[in-house]
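Got a structure for you, questions after.
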Amino acid sequence: QQQVKQSPQSLIVQKGGISIINCAYENTAFDYFPWYQQFPGKGPALLIAIRPDVSEKKEGRFTISFNKSAKQFSLHIMDSQPGDSATYFCAASLYETDSWGKFQFGAGTQVVVTP
Amino acid sequence: DAGITQSPRHKVTETGTPVTLRCHQTENHRYMYWYRQDPGHGLRLIHYSYGVKDTDKGEVSDGYSVSRSKTEDFLLTLESATSSQTSVYFCAISDKRDGTEAFFGQGTRLTVV
């Protein structure tokens, strides 16, 4: 039973376009929501993260939007570039308690940015 | 990759054989983790360590054991490999107890035939 549901499974976007990936979670106690980026043959790397006390966080071309009432959060990649082609994972955990890395990960979204 | 080395990077083994994967770090981070990655499941925590000789189970620990005799090394052992343990295994390290801002290794692709 997956506590974090991620969609779409894959996404093709043209260079310069906007990539949007959505995640929904079940556990209302979750209070830390990171996004990871993974290139083929590499381990996941933390891209950006948000806490529920804000509705949006932006870092460069990457923005997380958070809707606490709907239990949803999303990643927006603005001005998508071919170098953004990767698999993206959302995750959720309990930040204040001893979460010990017990993140609940989404299944991942493969993003392909065409030239 | 933040001073994390996983070995081997690829391994094919037969069902029923023991297998040990090694994670070596040079960052002196206290917390180390083993995850497995499978299509449709994202990453799932197998075991974690919060210090030398201090380990505990994660979400999918059945069939796996770990050991940490030195700060820099965290070993994952499959006592008797099964085909369901075919996966990509990632080690991660963090200097934060809550596992945030963890750095991941490059992974070990294990195939059990």
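A, B, ... follow the sequence lines: proteins, then strands. Residue 1 opens every chain. What you see below is based on every heavy atom in this structure, not just the backbone, and it leaves out hydrogens, waters and symmetry mates.
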- Given side chains that start at C-beta, do those of B/Gln37 and A/Phe89 come closer than 4.5 Å, heavy atoms only?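 In short, these two side chains touch, coming nearer than 4.5 Å.
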- Are A/Leu75 and A/Leu11 connected, step by step, through hydrophobic side chains (Ile, Leu, Val, Met, Phe, Trp, Tyr) whose heavy atoms are closer than 4.5 Å?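 Per the 4.5 Å side-chain linkage, A/Leu75 and A/Leu11 are co-clustered.
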- So if you build clusters from Ile, Leu, Val, Met, Phe, Trp, Tyr with side-chain heavy-atom gaps below 4.5 Å, do B/Leu75 and B/Tyr89 land together? no
- Query: To the nearest 0.5 Å, how far apart are CD in A/Gln104 and CZ in B/Arg44?
  - Reply: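 Here the interatomic distance stands at 10.0 Å.
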- Kindly check if the number of other-residue, nucleotide or ligand heavy atoms within 6.0 Å of CD (A/Gln14) is above 12? no
- Query: So does A/Gln81 have more than 12 non-hydrogen atoms from other groups sitting under 6.0 Å from CD?
  - Reply: yes
- Message: What part of A/Pro34 gets within 4.5 angstrom of chain B, counting heavy atoms only: side chain, backbone, both, or neither?
- Response: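 It is neither, since no heavy atom gets under 4.5 Å.
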- Can you tell me how far the CZ atom of B/Phe90 sits from the CD atom of A/Gln38, to the nearest 0.5 Å? 4.5 Å
- Same apolar cluster (I L V M F W Y, side chains within < 4.5 Å links), A/Val13/A/Trp35: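 Per the 4.5 Å side-chain linkage, A/Val13 and A/Trp35 are co-clustered.
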- Item | Where B/Leu43 and A/Phe105 come nearest, the two heavy atoms and their spacing |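 The answer is O-CD1, 3.2 Å.
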- Would A/Tyr36 and B/Phe104 satisfy ring pair (Phe, Tyr, Trp, His ring centres under 6.0 Å), going step by step from the backbone distance to the final call? CA-CA 11 Å; A/Tyr36 287 83; B/Phe104 284 79; 5.8 Å; yes
- Here the disulfide bond (SG atoms under 2.5 Å apart) pairs for residues 65-98 of chain B, sequence neighbours left out, are B/Cys23-B/Cys91
- Is chain A contacted by the side chain of B/Gln6, its backbone, both, or neither, given a heavy-atom distance below 4.5 Å?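 For B/Gln6, there is no contact with chain A at all, as no heavy atom is under 4.5 Å.
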- Task: List the atom of A/Gly41, the atom of B/Arg9, and the distance in Å for their closest heavy-atom pair.
- Result: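 Here A/Gly41 and B/Arg9 meet closest at O-NH2, 3.6 Å.
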